[in-house]
Amino acid sequence: MEAKAIRLQGLRKSFGDTTAVSGVDLEIADGEFFSMLGPSGSGKTTVLRMIAGFESPTAGRIELAGQDVTGLAPFERDVHTVFQDYALFPHMTVEENVAYGLKVRKVKKAERLVRARKALADVRLEGFGRRRPGQLSGGQRQRVALARALVGRPRVLLLDEPLGALDLKLREQMQVELKAIQREVGITFVFVTHDQEEALTMSDRIAVFHQGRIEQVGTPAEIYERPATPFVAGFVGTSNLLDGQSAQQVVGAPGTYSIRPEKIRVLKESAESAECADSAEVTEPEHSTVTGTVAEVVYLGDATRFLVDLDVGGRLTALQQNLETSSEDVAALRGTRVRLQWHRRHTFQVPDPR
Ligand code: ATP
């Protein structure tokens, strides 16, 4: 069996009294786009820094391509880290920035140039080699940082919130590009982010971090559709949980359940007029129905978010596409009585926390 690109076993890290990472086991395959997702302070950066060799673990073991690297210095590991601030040399041209690492490694000038140009082409920056970083946009500087990482052909690329400094539009564009570049170069990417949408968009698999531990590892669809813990259900997507009395009433069994907002239809309370909804009403037994009052409506342009206080207790969020409705239409729905309906197969039981 081929060795994993990365294997972490019982990884721990304490800084004095603070436990940043408290027991992480993880395997990342060759060529995977793998994201570590979690709120601020959940330990993901510390795990990344331990893989890079900038921090040494308090306990545990790190393998890269089957080799134990736990005690090795950063430069002895076949990895490269891309930081959020890019750390480009302002006085060097783009090409010199990209080739710098090769120069340090005493690669001959002609080869340096060929490889730097190839790396710039990989990140779609042909023709920019003679500019200086100050003459580039934020997105272009980010690509130079990426080219500089790719030029050394590391086996693993570690990216610490690399898109964090970009504005939303550019970030969305770079998400798509980064994934395409990764697919083309075939290098294993380990990507740290606190942005769930970013992780869902780009990753082959995601590890969700919480308080120094991994709560769930899975594909974006598994994480989103089948959250393994209430924390994951809340952190990835909108927290839409039914528990206690309301779970008993709506689902017919005790426990904690999750329903994604876009799966829930908002209908008028009376059966005849379903004008809040964009399609005909459905009352088959495979649907769950619950009544409530609209506490808040948020017009999002392409969709509307309804926060509904349920008669059985608790609150659910429903998301409806604005096919016919306008902002005035939806504002008028605040305080009105509604019925929420969704297909039973979209109700997922969330396992209780350990
Ligand atoms: P962020 O998204 O904010 O970077 P994170 O999930 O990457 O958060 P870490 O940076 O790994 O979290 O930090 C985990 C915990 O360890 C935090 O409580 C942090 O304050 C602490 N920590 C990290 N580095 C150090 C350090 N060098 N000294 C002391 N405590 C640290």
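For this chain, numbers begin at 1 and follow the sequence in order. Predicted, not measured: the structure shown is a model, and the values here were computed from it.
Contacts of Arg148 classified as salt bridge (charged side-chain N to carboxylate O under 4.0 Å, His left out), with partners at least two apart in sequence or in another chain: none. For the side-chain contact (heavy atoms from CB on, under 4.5 Å) test, residues two or more places apart in sequence or in another chain that qualify with Ala180 are Arg124. In this structure, Glu262 has no salt bridge (charged side-chain N to carboxylate O under 4.0 Å, His left out) partners at least two apart in sequence or on a different chain. Here Glu198 pairs with Leu163, Arg171, Gln175, Phe191, Thr193, Asp195, Met202 under the side-chain contact (heavy atoms from CB on, under 4.5 Å) rule; sequence neighbours left out. Contacts of Arg49 classified as salt bridge (charged side-chain N to carboxylate O under 4.0 Å, His left out), with partners at least two apart in sequence or in another chain: Glu55. For His346, there are no side-chain hydrogen bond (donor to acceptor under 3.5 Å, both in side chains) partners two or more places apart in sequence or in a different chain. With sequence neighbours excluded, the residues that form a salt bridge (charged side-chain N to carboxylate O under 4.0 Å, His left out) with Arg117 are Glu95.
For residues 17-27, every residue pair satisfying the salt bridge (charged side-chain N to carboxylate O under 4.0 Å, His left out) rule, not counting sequence neighbours, is listed here: Arg7-Glu27. Among pairs with a residue in residues 201-210, those fulfilling salt bridge (charged side-chain N to carboxylate O under 4.0 Å, His left out) read Glu32-Arg205, Lys179-Asp204, at least two apart in sequence or across chains. The list of ring pair (Phe, Tyr, Trp, His ring centres under 6.0 Å) pairs with a residue in residues 308-338, not counting sequence neighbours, is empty.
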Using a 3.5 Å cut-off and no angle test, enumerate the donor-acceptor pairs between side-chain atoms of residues 154-162 and protein atoms at least two apart in sequence or in another chain.
| from | atom 1 | to | atom 2 | distance (Å) |
| --- | --- | --- | --- | --- |
| Arg155 | NH2 | Asp30 | OD2 | 3.1 |
| Glu161 | OE1 | His194 | ND1 | 3.1 |
| Glu161 | OE2 | His194 | N | 3.3 |
| Glu161 | OE2 | His194 | ND1 | 2.9 |

Return a table of donor-acceptor pairs under 3.5 angstrom between the side chains of residues 301-308 and protein atoms on other chains or two or more places apart.
| from | atom 1 | to | atom 2 | distance (Å) |
| --- | --- | --- | --- | --- |
| Thr304 | OG1 | Asn322 | OD1 | 2.7 |
| Thr304 | OG1 | Asn322 | ND2 | 3.3 |

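Surrounding OH of Tyr100 are at most 12 heavy atoms belonging to other residues, nucleotides or ligands under 6.0 Å away. Within 6.0 Å of the CD atom in Gln248, the count of heavy atoms belonging to other residues, nucleotides or ligands exceeds 12.
With rounding to the nearest 0.5 angstrom, the CG atom of Leu340 is 6.5 Å from the CG atom of Leu310. One finds the CG atom of Leu88 at 13.0 Å from the CZ atom of Arg132 (value rounded to the nearest 0.5 Å). Rounding to the nearest 0.5 angstrom, the gap separating the CZ atom in Arg77 from the CZ atom in Phe54 is 9.5 Å.
Judged by distance alone, the side chain of Lys118 and the main-chain N or O of Val151 form no donor-acceptor pair under 3.5 Å. In this structure, the side chain of Gln182 engages the main chain of Ile187 through a donor-acceptor pair within 3.5 Å.
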Apply the test side chain to side chain contact (heavy atoms under 4.5 Å, CB included) to residues Leu333 and Val266: give CA-CA distance (whole Å), side-chain angles for both, the deciding distance (0.1 Å), then the verdict.
CA-CA 11 Å; Leu333 295 171; Val266 182; over 6 Å; no
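Arg337 and Thr293 share a donor-acceptor pair across their side chains, judged by distance under 3.5 Å alone.
With a 4.5 Å cut-off on side-chain heavy atoms, Phe235 and Leu37 count as touching.
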